[in-house]
Structure formats: structure tokens, C-alpha cells
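One structure is given here, and the rest of the page talks about it.
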Amino acid sequence: MPTTMTITTEADSQISDALKRIWGFDQLRPLQGQVVASTLEGRDAVVVMPTGGGKSLCYQLPAVVTERLTVVVSPLIALMKDQVDALSLVGVSTAALNSTMSDSEAEAIQSRLISGDIRVLYVSPERLLQPATLRILAQANVARFAIDEAHCISGWGHDFRPEYRQLHRIKEAFPGIPVQAFTATATPQVQRDIAIQLKLDRPRKFVGVFDRPNLTYRVVAKDDAVRRTAEAVRRYPNEGVIVYCLSRKDTEGLTASLIAQGIPAVAYHAGLAAETRKRVSEAFAQERANVVVATVAFGMGIDRANVRCVIHECLPKSIEGYQQETGRAGRDGLPSECVLLYNHGDVIRLKRILLDENQEMNAHRVKLLEEVRRFATSHTCRHASLSEHFGQPYEGSADGCGACDVCLGGTQAVADSNDISRKILAAVQEITSLPRSRSFGVGFLVSVLTGSKLKLVVERGADQAGCFGAFKGESSERVNSWVHQLMDLGLLSVSEGAYPLVSMTTAGQETLFEELPVNLVENIALILPAKAKATKGGAEMPENVDSGLFERLRSWRRELASERQVPAYVIFHDSTLMKVAASKPSSVDRLRALPGLGERRIEEFGNALVNMVIEYAAETGVTLDEPLGAIPPPTPPKVSSKTASVYGPLFKAGQSVDIIAGQLKLTPGTVWGHLADWVKL
Ligand code: ADP
Ligand code: ZN
């Protein structure tokens with residue numbers, strides 16, 4: 001086979017044949033088709049495809065179709081192992097070369113390379129550029145190079161890695177061999193820089209759609225990080241959740257607090273022994289662990305397609321990082337949630353860290369951070385903000401995206417904003433002038449405002465102040481959120497250090513004296529469970545999935561993944577198991593008719609799946625061989641859409657009517673009405 005290939009009908013049919021036979025997919029996604037075609041034509045390219053977009057297929061498929069070697073440069077060794085496992089399982093000859101392997105292992109791979117036996121080789125940048133590796137590859141008839149995580153080569157990106165800078169040597173060592181750069185997050189500036197740094201030859205540019213419609217974004221005030229995190233995690237019992245923290249210490253502290261609340265969580269950070277890290281990653285991928293509290297070191301190597309929630313306990317350092325980290329939620333296209341806990345203190349903390357590091361790109365990094373702060377505090381649609389950041393206009397419907405806190409009506413103006421703000425500013429002024437309480441923190445201020453007779457409040461005589469109890473009866477959480485907003489608006493400031501102290505800024509004084517208007521908002525989405533948006537394009541959730549069977553298939557997959565030491569998704573995606581649990585095929589032939597399985601997997605797992613289905617049907621009496629999605633759902637009684645989407649999960653979670661009423665600020669009667677409707681659903 002030649003290195004390049006013109007796209008002919010024959011090539012087309014080879015592509016669709018391989019796609020179906022090996023991956024079990026019916027067709028390439030539109031951008032994948034274009035990238036594969038350009039690869040086969042031998043063109044260099046910069047490909048920006050959001051996480052979950054299907055980058056791996058773009059370089060794996062050409063290797064299979066042309067039966068020639070594709071070298072994939074990838075920074076993470078953990079990722080390599082999973083990719084090698086996944087590809088080997090479907091019968092593609094794959095190997096990885098990195099520093100963790102013994103000389104004899106490396107030698108075995110090298111001779112396979114020279115004999116032309118390997119289709120896909122994963123290699124770390126350092127290893128690739130070693131003279132020995134370059135020598136072997138010169139004899140191995142390389143057809144193309146794919147550079148994964150290519151943004152790491154750009155100083156303008158958010159994750160610059162010096163070892164990537166040398167990758168321009170590929171073009172020097174292998175002139176004429178096409179190089180494709182892949183990344184999930186790159187602004188137009190970073191895209192240009194990638195092409196320049198890699199010395200690509202007239203690269204074609206492919207930029208996918210950045211929006212991830214199946215993700216619901218929420219920004220939540222970080223008043224009590226543990227509590228907010230626990231609230232979000234509890235919305236996803238037995239599902240994959242990643243919580244990102246800033247420091248190693250934070251991951252450990254938060255893990256301990258979650259465990260204390262009965263949430264089994266595990267910590268992950270670069271300071272743990274390699275063996276422990278490996279164990280955590282594998283347990284997560286194999287679904288034996290569900291909640292991982294990690295630094296961003298738990299990153300590119302995570303291969304779990306059904307992560308349902310990504311929580312940022314601390315502000316990320318850039319929008320690119322945020323997009324990349326949240327991109328790990330819902331890679332299977334099913335509805336998932338991203339929660340960002342925000343307070344101004346984190347901005348200060350991150351800036352201090354950046355400035356301490358004293359690096360050449362510092363000003364640029366502060367700018368990246370400032371973009372995140374703006375994103376978090378803005379009240380525009382999150383989907384729109386993210387898309388526009390990457391230079392793509394977002395076309396939501398007139399009533400919003402339906403999948404972010406802003407559009408879900410999660411933020412609403414506080415009715416008496418001006419009055420409230422003035423009361424708080426005046427209170428700060430008054431407390432500051434008290435003889436015994438010049439310096440105080442947010443907690444103290446909130447206690448005084450809500451009229452709480454804490455020991456410290458009384459000791460300092462603040463219970464005698466005019467502002468004491470100015471918001472008596474309000475929850476301290478609401479008052480806390482107002483105070484934080486005044487800080488974010490620059491009307492109050494808070495000092496750095498272990499005990500941050502509140503003070504009034506000049507802008508705050510002006511606002512108070514000149515009675516300037518202040519807009520406070522509140523995040524009501526905070527108390528509502530995730531309302532997932534219907535997926536566009538991604539996997540579709542059949543309506544008639546039998547949840548008992550689905551859970552049984554998942555636990556079979558969990559055992560198998562553990563036994564084989566591979567991530568669960570390597571065996572089957574959730575969406576595939578859902579299709580089985582919906583259609584309940586009684587034979588392997590019936591199973592074959594379902595989309596997304598692939599011949600290799602059917603051969604290997606077909607019988608096991610069918611046996612489980614039959615056994616389940618015998619136990620429960622469910623009907624076998626239902627057409628996919630063809631069972632019409634029972635005609636629903638007329639109920640408000642909120643009954644199902646908002647109240648359903650709360651009822652299901654066993655919450656009492658009184659508690660729900662309290663949370664949603666409704667009367668118990670209203671909630672009883674919804675419960676009655678929900679029972680009929
Ligand atoms: P990325 O590396 O861009 O994050 P992956 O290569 O991991 O994305 O693919 C994301 C998901 O999409 C995987 O579950 C993969 O199996 C699935 N996928 C990729 N290409 C297709 C396709 N053409 N049809 C259906 N599913 C696909
Ligand atoms: Zn929105």
C-alpha cells in the first residue's frame with residue numbers, strides 16, 4: 001500500500017467495512033470523515049476536536065485501512081496502556097514505547113516494528129526523539145504521525161510542556177511524511193502556533209464544534225466547599241464523579257470530609273506513589289471506585305466514558321483547562337453535569353501562586369485566569385460563553401440553552417438588591433467602628449447580620465450594634481452569598497492569609513453614600529437537581545431501557561473489566577448496554593442487529609450478553625426481542641414538565657415532601673400535588 005491514497009469508492013468501502021467490523025460504528029462523524037480523507041491524501045493537519053468528538057478514530061482508522069504504521073505521540077503513559085488494550089481487544093496490532101518498559105520488552109516491540117507487524121504505535125515525546133527510536137522508525141516504514149494533546153507545544157496554550165517543543169524534529173527526520181496535530185482545546189492563536197512550532201507543511205485545519213450539548217454547566221457559590229461538593233456528588237449515586245482541587249492537600253482534606261459524610265471518595269494527586277495512582281485510575285476506569293477527588297494530574301489518562309459529573313472545587317487556571325477537564329464528563333454523549341464552585345478568595349489564591357512562580361509567561365497566565373473569573377461571575381449562557389471563547393458563535397434557542405444555570409433560570413435578580421447591599425455596606429462600616437471588633441471575617445459579618453448571638457459576637461459587643469439582626473430570619477447562606485457578591489463587585493474587599501478580613505473599598509463607600517444601584521442575583525439552580533438537556537448527536541438514550549437489566553449488565557462489565565485489568569468502556573459503553581437492556585435480544589443474531597457492537601465484540605461477549613438477558617427475562621418475566629425504542633411510553637397523564645424532571649429525582653431519592661418543599665421554597669401542598677402526578681407517570 002502507498003503512504004497516500006486517493007479517496008475512491010474502494011477506499012470508502014474499506015473505511016466503512018473496517019469501521020463496522022472493528023469499531024461497530026455505522027459511519028464516520030462528518031469531521032472524522034474529512035480528517036481521515038486528508039490523512040489518506042498525505043496532508044499535514046491541525047485538528048481541533050472537542051473531547052468526546054472521536055479523535056482517536058481519526059488516526060487509528062487510516063492505520064487499519066492502509067495496513068501501515070501510524071505513530072501516535074502522546075504525553076501520558078497511562079493513556080497509552082488503555083489505548084493499546086482497547087485496540088488490541090478489537091484485533092488491531094498496537095504497541096506502546098515508553099520509559100516504563102524493560103529493555104527486553106522494548107526490543108520485542110522494535111523487532112515487530114521493523115517487520116511491519118504493528119499498525120499503531122504510541123510513544124512519548126521524549127522516547128520518540130531518542131536517537132535509537134528514530135533509527136528504528138526510519139526502518140519501520142512509518143505512514144504518518146499523529147501528535148495528541150498538541151496544544152502542549154504552544155506557550156500560548158494552558159498546558160505548555162517543554163518536551164513538546166522538540167517535536168518539530170519529526171519533520172526534519174521524516175520529510176514528506178504527514179503529521180497531524182490533534183487537540184481538544186485551542187483558541188485560534190494556539191492553533192496557529194501549533195502549526196508553526198511543528199513546522200507543518202501547508203496544514204489543513206479542521207475545527208470541530210466546541211459546544212458539548214449533553215453537559216449542563218452550573219456555577220455555584222463556594223461558601224461551604226464540602227457541603228456544595230457533597231450535594232453535587234449525591235445527585236449521582238453509583239456514577240462516576242471527578243472532583244478537581246487545586247492542591248494535593250486539598251484533595252486529601254476534601255476526600256476525608258466526603259468520607260466523613262458517608263461518601264466513599266478516593267484522592268488522587270501526583271504526590272502519591274505510582275502504584276497507588278495506578279490503582280486509583282484502574283479502580284475508577286473499572287467502576288470499582290466512583291468518586292475521585294484529584295488535582296489536574298488526574299487528567300488525560302482517564303478513560304471512563306460515563307463520568308456523569310465533574311466538579312471544580314477550585315477555579316481552574318484557564319478556560320481551556322476548564323473545557324478540557326469538564327470535557328471528561330459525558331464522553332459517551334449522555335447527559336452529564338459540570339459544577340464549578342466559585343469564590344473570589346480562589347482568584348486571589350491562584351494569582352498569588354502564579355506570581356510566586358515567577359515565570360516568563362506570567363502576565364499571560366494571569367490573563368487566562370481573569371478569563372475564567374469573568375466566565376464564572378457572568379450571567380450569560382455558559383454554553384454561549386464557552387463556544388465564543390473558542391471563536392464559535394453559539395446558536396441557542398430563544399429561551400436559552402436549557403443546560404446551564406443561567407438559562408435554567410438558576411440565577412434571578414434579588415428583589416431588594418439596593419436595600420440589601422446598603423444594609424451590608426453600612427454594617428461593615430458600623431462593625432469596623434466598634435471599639436472591640438475592628439477586624440473581622442465574612443463569617444462574623446454574616447452572624448451579626450442574621451442576628452446570631454455567637455460568643456465572639458457578644459464578646460465584641462456586636463450584638464448591641466444597630467445592624468445586628470438586620471437580616472433576621474434569612475438563611476445565613478443567602479446572606480453569605482450577598483456578601484460574596486459585594487466582594488466580587490469590588491464594593492468590599494477581603495484580605496489574603498489564613499484569616500481573611502473584610503473591609504470596605506472606595507467603590508463601596510461611594511455606593512453607600514451616593515446610593516448607587518447594585519444588582520444582586522441568586523443562584524436558585526443550586527437547590528435543583530440536574531436537568532439534563534436532550535442530547536444532540538451523541539448517544540441516544542432509548543426510552544425503554546430496563547434499569548434492572550442495565551444494572552446487571554454493568555456489574556458483569558465491572559467484574560470483567562477488573563479481571564482483565566482494562567477500563568470498563570473498553571468492553572462496552574453505557575450506551576451499548578442500554579441498547580441491550582432496552583431491546584433484550586434473545587439470540588446473538590438479534591444482538592448483531594443493534595448498532596455499536598462490532599463483530600469482534602459480538603464474537604467475544606455475544607453469548608454472555610444473550611445468556612444474561614434470557615436469565616433476566618426468566619426471572620422477571622420481561623418480554624424479549626423488543627424493537628429498539630419502539631415501545632411507546634405509556635400515555636403520560638397531563639403533568640407539568642417539572643414533575644418529571646425536577647421532582648422525579650427528588651422523590652426517587654426518597655426525599656420527604658417537607659424537605660423538598662423547604663428546599664424549593666414551595667408549600668407542602670404543591671409538592672404533594674407533584675408527588676401524586678409523579679406516581680401516575
Ligand atoms: P476524543 O479522544 O476526541 O475525546 P474518543 O476518540 O475517545 O474521543 O471518542 C469518544 C467517543 O465517541 C468514544 O466512545 C468512541 O467510541 C465514540 N465514537 C468515535 N467515533 C464514532 C463514530 N464514528 N460513531 C459512533 N461513535 C463514535
Ligand atoms: Zn445557557
Side-chain angles (χ1 to χ4, degrees), residues 76 78-79 82 218-317 321-322 324-331 336-343 345-346 349-350 353 376 443 477 498 526 529-530 558 561-562 567-568 653:
L76 265 208
L79 181 76
D82 291 344
R218 289 209 161 79
V219 181
V220 164
K222 180 175 168 180
D223 39 13
D224 179 339
V226 174
R227 190 166 139 214
R228 296 295 170 215
T229 307
E231 276 168 2
V233 173
R234 287 208 174 94
R235 288 202 282 270
Y236 300 91
N238 304 319
E239 302 278 6
V241 179
I242 304 173
V243 186
Y244 281 114
C245 297
L246 180 62
S247 70
R248 298 170 183 190
K249 210 169 112 228
D250 290 354
T251 64
E252 283 170 358
L254 186 56
T255 303
S257 309
L258 290 177
I259 290 173
Q261 300 211 3
I263 296 174
V266 272
Y268 182 103
H269 56 73
L272 296 172
E275 187 49 38
T276 314
R277 272 184 289 156
K278 186 161 164 247
R279 242 194 353 256
V280 174
S281 301
E282 284 182 358
F284 188 67
Q286 294 163 10
E287 304 188 359
R288 286 179 284 112
N290 281 321
V291 182
V292 174
V293 183
T295 57
V296 287
F298 192 59
M300 299 172 197
I302 309 164
D303 261 314
R304 178 157 172 177
N306 59 357
V307 173
R308 287 288 153 259
C309 183
V310 169
I311 302 166
H312 278 82
E313 187 270 341
C314 178
L315 204 64
K317 291 178 187 158
Y322 185 64
Q324 182 122 352
E325 286 137 30
T326 51
R328 289 169 194 139
R331 285 175 71 156
S336 308
E337 187 183 359
C338 308
V339 178
L340 169 59
L341 304 191
Y342 172 81
N343 68 20
D346 278 349
R349 195 168 152 213
L350 281 165
I353 293 171
E477 196 175 299
L526 207 67
R558 190 156 45 236
S562 236

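- Looking at every heavy atom in both residues, Ala376 comes nearest to Val219 through O-CG1, 3.6 Å.
- Across all their heavy atoms, Thr229 and Ile311 have their closest contact at O-CD1, 4.0 Å.
- Shown here for Val292 and Tyr268, the closest heavy-atom pair between the two residues is CG1-CB, 3.8 Å.
- Rounded to the nearest 0.5 Å, atoms CZ (Arg228) and CZ (Arg218) are 12.5 Å apart.
- Contact between Arg288 and Ser562 at its shortest, heavy atoms only, is NE-OG, 2.8 Å.
- No salt bridge links Glu252 with Arg248; every basic N to acidic carboxylate O contact stays at or beyond 4.0 Å.
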Output, in order, the C-alpha distance, side-chain angles, deciding distance and verdict of side-chain contact (heavy atoms from CB on, under 4.5 Å) for Arg235 and Cys309.
CA-CA 9 Å; Arg235 288 202 282 270; Cys309 183; over 6 Å; no
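- Looking at Asp346, its side chain never comes within 3.5 Å of a backbone N or O of Arg349 through a donor-acceptor pair.
- Between the NE2 atom in His269 and the OG1 atom in Thr255 there is a gap of 8.0 Å [rounded to 0.5 Å].
- Minimum interatomic distance between Asp250 and Cys245 (heavy atoms only, all atoms of both residues): CB-CB, 3.8 Å.
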Decide yes or no on side-chain contact (heavy atoms from CB on, under 4.5 Å) for Ile242 and Phe284, but give the supporting numbers first.
CA-CA 10 Å; Ile242 304 173; Phe284 188 67; 3.8 Å; yes
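- Annotation: the span from Glu287 atom CD to Asn306 atom CG amounts to 4.5 Å, rounded to 0.5 Å.
- Residue Asn343 holds its CG atom at 11.0 Å from CG of Asp224, rounded to the nearest 0.5 Å.
- When each of Arg308, Glu239, Arg331 is paired with Ser336, the side-chain hydrogen bond (donor to acceptor under 3.5 Å, both in side chains) condition holds for Arg308 and for no other.
- For the residue pair Arg304/Asn290, the side-chain donor-acceptor check at 3.5 Å is satisfied.
- A salt bridge links Lys222 and Glu313; the closest N-O separation between the charged side-chain nitrogens and carboxylate oxygens is under 4.0 Å.
- Looking at heavy atoms from C-beta onward, Val296 lies out of side-chain contact with Pro316 at the 4.5 angstrom threshold.
- Without hydrogens or angle criteria, Tyr244 side chain to Phe298 main chain gives a donor-acceptor distance under 3.5 Å.
- Residues Leu272 and Ala267 approach most closely at CD1-O, 3.7 Å, considering heavy atoms.
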For side-chain contact (heavy atoms from CB on, under 4.5 Å), just list the numbers for Arg279 and Thr276, CA-CA rounded to whole Å, side-chain angles, deciding distance to a tenth of an Å, and then say yes or no.
CA-CA 5 Å; Arg279 242 194 353 256; Thr276 314; 4.1 Å; yes
